There are 2 protein chains.
Amino acid sequence: MAYHHGDLRAALLAAAEDALRTRGPGELSLRELAREVGVSPAAPSRHFRTKQALLDALAMEGYDRLTAVLGPALTGGSFADRLNALIRSYVTFVTENVALHELMFSRKHDPSAPPELIAATHRLMGLALGVIEDGQRRGEVRAGPALELAVPLAAVLQGLADLTSHGGLPDAKAEDALRETIAFTLRGYAP
Amino acid sequence: MAYHHGDLRAALLAAAEDALRTRGPGELSLRELAREVGVSPAAPSRHFRTKQALLDALAMEGYDRLTAVLGPALTGGSFADRLNALIRSYVTFVTENVALHELMFSRKHDPSAPPELIAATHRLMGLALGVIEDGQRRGEVRAGPALELAVPLAAVLQGLADLTSHGGLPDAKAEDALRETIAFTLRGYAP
DNA sequence: TCAAAATGTTGGCGTTGCATACATTGTTAT
DNA sequence: ATAACAATGTATGCAACGCCAACATTTTGA
């Protein structure tokens, strides 16, 4: 039995995300994670000074994965293509990572959140902004201040993700609702 | 000093909401609430069997207040008027009750949430649905299955509230973004 | 009036996050 | 090579928490 774990930090993050999926956030205990990983209760503190720090790191990982997923959706094609890909991949990510997504965005209400997290949300907003600006250059999106125009898109993304992940809609209807929402968004942005 | 408090339940809820405003949710402690109200640590358990039960009750109170605020927005006037009033009053409520709103909607991801809470969210969705259906009757909203059409509205509400309450936008820009989002929504629903 | 229900109190149990002090292993400079 | 040092993990303890069980005090109503 090695005294040193090898890569405790990664192991903790993995265990934490697993716990996040099965149980909710909030039911997540540092001591329990330590137990699962097979390490003493105080060991995690070497890598995460506080429980919140671990959650923040987990959220950052979530942002990285999200932007990675969203990246391909934003290259090439018409505005309609990009919008379609953006919305669909966003919704997919959220439904597949409900608790993680909730963690990422519940944290941003706290002014004491680490700057990296704030930056990550801004970067995400920047993605939406880029899609709008590109659409305007193509003449497929109405003119106007792009930053204001991007707000409804961000809102639709956030809200739609929330609605579908919640599962209030039966699965069959979900696709219809998704399609309708995309069409709705396109109408809103039409020149 | 009276042995019985008189209305502990209400006092606890009030203290809880206050604590929710100042500190976040999660930093909310039953024992501390009991202390603030001037009662023994185990007293709250007579009115809320568990901490979650108290939070749920608080969330229900939030739904009641929200629907009360939204009610006036939904009577009379054109579709544009109703939509405008609905979005604005929703955003106002959320910005004035950030933590409460977060509590209300974070809870709905949990399948073990009490039925009354689930019913409350459905009732809220029903409000949006009503606005759409009325708009259709007036010929001011495009034809189509109202339930699908209502999804983008609910999404915009949820997402916009999230964006503005987070405060990412400077206050001056917030009004512009709000106006733009309302116009965007009207275009999306235009026949 | 007096038994039962409602409401509070006391005390205790197990768990948690965190701080402190100590132990072991890796790394690096001499 | 080895001694100093940093990194990482352990042991222990503390205060607070949620919850439970047993007991006390009121209020209610038959």
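Below, all heavy atoms of this structure are taken into account, side chains as well, without hydrogens, waters or symmetry copies. Naming: A, B, ... by sequence-line order, numbering from 1 per chain. This one's a predicted model, so the numbers in the text were calculated from it and none came from an experiment.
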List the residues meeting side chain to side chain donor-acceptor pair (under 3.5 Å) with [X], not counting sequence neighbours, and say none if there are none.
X        : result
Glu17(A) : Arg21(A), Arg65(A)
Asn84(B) : Arg88(B)
Arg82(B) : Asp134(B)

request  = Not counting sequence neighbours, which residues clear salt bridge (charged side-chain N to carboxylate O under 4.0 Å, His left out) with Lys51(B)? List them please.
outcome  =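 By the salt bridge (charged side-chain N to carboxylate O under 4.0 Å, His left out) rule, Lys51(B) matches no residue at all.
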message = Assess whether a salt bridge exists between Arg179(A) and Glu175(A), defined as any Lys/Arg side-chain N lying under 4.0 Å from an Asp/Glu carboxylate O.
response = yes
task = Would you mind telling me which residue lines up with the more 5' stretch of DNA chain C, Ser40(B) or His4(A), judged by nearest nucleotide?
result = Ser40(B)
inquiry  = Please identify which of these residues, Arg137(B), Arg138(B), Arg142(B), meets the salt bridge (Lys or Arg N to Asp or Glu O under 4.0 Å) condition with Glu140(B).
reply    = Arg138(B)
key: Nucleotide dT27(D), atom P - distance to NE2 of His5(B) in whole Å   =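 These atoms are roughly 14 Å apart.
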inquiry  = Using whole Å, what does the distance between atom C1' of nucleotide dG18(D) and atom CG of Leu55(B) come to?
reply    = 12 Å
Sidechain-backbone polar pair: Glu180(B) side chain, Glu148(A) backbone, donor-acceptor under 3.5 Å =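 Such a contact is absent between Glu180(B) side chain and Glu148(A) backbone.
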Under 3.5 Å donor-acceptor, Thr50(A) side chain and Ala53(A) backbone =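 No.
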message = Below 4.0 angstrom, which residues in residues 103-113 of chain A have at least one non-hydrogen atom near DNA chain D?
response = none
note = Per-nucleotide protein contact along nucleotides 13-20 of chain C, 5' to 3', at a 4.0 Å heavy-atom cut-off (B base, S sugar-phosphate only, - neither), is ---BBBB-
